[in-house]
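Lettering of chains follows the sequences in order, A, B, ..., and the numbering in each one begins at 1.
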There are 2 protein chains.
Amino acid sequence: MNRVLDSAERLLAASGLARASRALTSSLPEQIATRLSERIVAGAYAPGQRIMEQALATEFAVSRGPIREALRLLERDGLVAILARRGAIVTNPSIAEVKEIFDIRAMLNGLRDRLIAEDPQRAKVLAALEPEVARLTRLAREGKQGQEYVEIVWTLNRVLTEACANARLKHILDSLARQTLRYSQLGLSTPERRRQSVQHWQKLLEAIRKGDGATAERIARERVTDSRDAAIRALQEAPQPVSAAKKRGPA
Amino acid sequence: MNRVLDSAERLLAASGLARASRALTSSLPEQIATRLSERIVAGAYAPGQRIMEQALATEFAVSRGPIREALRLLERDGLVAILARRGAIVTNPSIAEVKEIFDIRAMLNGLRDRLIAEDPQRAKVLAALEPEVARLTRLAREGKQGQEYVEIVWTLNRVLTEACANARLKHILDSLARQTLRYSQLGLSTPERRRQSVQHWQKLLEAIRKGDGATAERIARERVTDSRDAAIRALQEAPQPVSAAKKRGPA
DNA sequence: GCATACAAGATTGTTGACAATCCTACAAAG
DNA sequence: CTTTGTAGGATTGTCAACAATCTTGTATGC
C-alpha cells in the first residue's frame, strides 16, 4: 500500500521481536497482542487513535475478554495507553519520551554487552555476530543504501539480547525495543552515521573477543546515545515519522 | 502475629511503593493488586504457593474478572508467575535471579542519580534528601540497630525515584523495587555495612550538589552492587529469608 | 455567534455461566 | 511393588449480558 509501511513491516519481521516474545506460546490474548503490535509498529493504527474492544472482538471473532487482556499486554509494552473508562489509545511518544527510552536502553544495552563480554561461553555468540558485522562492513564500504543495513543491525541486537544470561534484562530490552521500533530507522540515515555505526560494531566485537566488559559496556552505551541523538534530530525535523496519515476516528 | 512479617509490612508502608503507583487510581483490579502485593511482600503467601482465582473472588466479594486482571498486574511486577491453564503461583526468585534484578537496578539507579545530579532544579530534591541523610549519619554514629535505618534508606530511594524526570525509568525502578523488597533488609545487616552505606549516601549527596553526574552515577552503581553482594551472601546462608513457614497448599 | 446543559447512543467495567484443560486418586496390569 | 490408564473433581479460559460511565450531537440561553 505504502512504501514506509511496507518497510516497517519488513523491519518488524527482521527484528524477530514478535516471534521472540509471544507467538509460540499460543495463548489467545498473546496472539492477538502480537498481531496488534505489528499493526501499531507498521503504522496501521495512527498515534492517538482510539482502539475499541468490540470492534476487535468482532474482527478476531472472539469475546471482549481476550481482547481486553491483549490490550493490557500492549499497555505493558507502552504501545497503547489505557485510560480508566476510556479505553486504549495508541501512544504517541513525545520527543522527550523517546529520549527517555533511549537513555534507559543505553544503560541496559551496556549491561547486556558487558555481561556477554564477561561470559566464558561467549565464543558461540561471537560466531553468530561475526558474519553479520562482516556483511555490515561490506555494505558500508560499497556505500549501499537501503533497508538491508537496518535489518542487519536489528539482527545483531537480537542475537545479543537473546544471548543475554539475564532473563529479566532480556525481557525489559525486548519491551523497550518494541517501543522504539517505530523510530529505529531514523538513526542510520546518513552515510557518515552508517560508517560510524560500523566502527562501533567492530570495536564492540573486539571488546567481546577480549573479554573486556568495561569497554564493551562503554561502546554499547555510546552507540545507543548516538542513535538517540540522531533519532531526536530526525524527529525534530519531521514530527510525523512513520505514519503520514492522521486518522483519529474509526477506520 | 509474627515479628518478621510485621517488619516487612512496616517496610512496605515506609517505602511508599504501594501508594506511589496504584492505590489512588481507584481501579478495582489495581486496589486488589495492591493488597495482594502487600501480602506477598509481607510473606503472607509463601513462595511457590498457588493462588486460586475463585478463592480471591469470594474473599474480595467481586467476580473473577477483576481478580484475573490484578494477577496480571502482579505478574508484570514479577511477584507471581502465571502459567497457562495453571494459574498464578507466588514467585520464588533464585539467587541468580535476585542477582539479575540487582544488576539491572545498579545500572538504572546510576542513570537516575546522574539525571538528578544534572538537573538544574535539583536543589529541591537535595532539600528533601539532606535531613534524611543527617538522620542516617546520626543513627550510624550512635551505632543504633533496627528497622529505622532501613526505612530511611527506602525513603531516600523513594525521593530520588519520585524526583526522576524520566517517567519510564521511574516506572521500571518502582517495579524492580517491589521485586526486591523481600530482600532489601539483608543488605544492611552488619554495623560495618551500615557505616559504608552512610558514606555512600554522603558522597552521593555531594556529587548531586556539585552537579557531577558521572560521579553520582558511579556511586549509585557501587551502592547497589554492594547491596547485591550482601543480599546474595545473606541468601546463601539462609535460603528462606522472609517467610519462615513453607506452606504450599491452601491456607 | 459562542458557551453551556441536556439527552441519546456508544463504550468500558463487571458479572455469572459454560467449555476446555489440568490435577489427583484409584484401579489394574506388568 | 512400581507403573500405566482412567474417572472424577477442580481450576482456568472464554463467552454473552447487564450496569455504570463517557462521548457526541442538539438545543437553549446569553
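With a 6.0 Å radius and a threshold of 12 heavy atoms from other residues, nucleotides or ligands, B:Arg168 has its CZ atom above the threshold.
A:Ile51 comes within contact range of the sugar-phosphate backbone alone, with a heavy-atom separation under 4.0 Å but no base atom that close. A:Gly87 comes within 4.0 angstrom of the backbone, heavy atoms only, and of no base.
If you check C:dT12, D:dT12, C:dT14 against the side chain of B:Arg50, the one that comes closest is D:dT12. Taking only side-chain atoms of B:Arg64, from C-beta outward, the nucleotide of D:dT14, C:dT12, C:dT15 with the closest atom is D:dT14. Of all nucleotides listed (D:dA16, C:dT12, D:dT11), D:dA16 comes nearest to the side chain of A:Ser63. Residue B:Arg85 has its side chain nearest to C:dT21 when only C:dT21, D:dT23, D:dA16 are considered. Distance from the side chain of B:Arg86 is smallest to C:dC22 among C:dT15, C:dC22, C:dT14.
Put simply, CD1 on A:Ile82 is 17 Å from P on C:dT11, counting in whole angstrom units. In this structure, B:Glu53 places its CD atom 15 Å from P of C:dG16, rounding to the nearest Å. Nucleotide C:dT15 holds its C1' atom 13 Å from the CD1 atom of B:Ile32, rounded to whole Å. Per the geometry, CD1 belonging to A:Ile89 stands 11 Å off P belonging to D:dT23, to the nearest Å. Following rounding to the nearest Å, A:Ile67 (CD1) and C:dT11 (P) show an atom-to-atom distance of 15 Å. The distance between atom CE of A:Met52 and atom P of D:dT23, rounded to the nearest whole Å, is 11 Å. Residue B:Leu28 contributes atom CG, which lies 14 Å from atom C1' of D:dA19 at whole-angstrom precision. Separating the CD atom of A:Gln49 from the C1' atom of C:dT11 is a distance of 16 Å, rounded to the nearest angstrom.
Without hydrogens or angle criteria, B:Gln49 side chain to B:Ile89 main chain gives no donor-acceptor distance under 3.5 Å. With hydrogens and angles ignored, the 3.5 Å screen pairs no side-chain donor or acceptor of B:Thr161 with any backbone N or O of B:Arg158.
Atom CD1 of B:Ile67 is separated from atom CG of B:Leu28 by 7.5 Å, given to the nearest 0.5 angstrom.
Of the residues B:Leu73, B:Val90, B:Leu71, B:Leu74, the one that meets the side-chain contact (heavy atoms from CB on, under 4.5 Å) test with B:Leu79 is B:Leu74.
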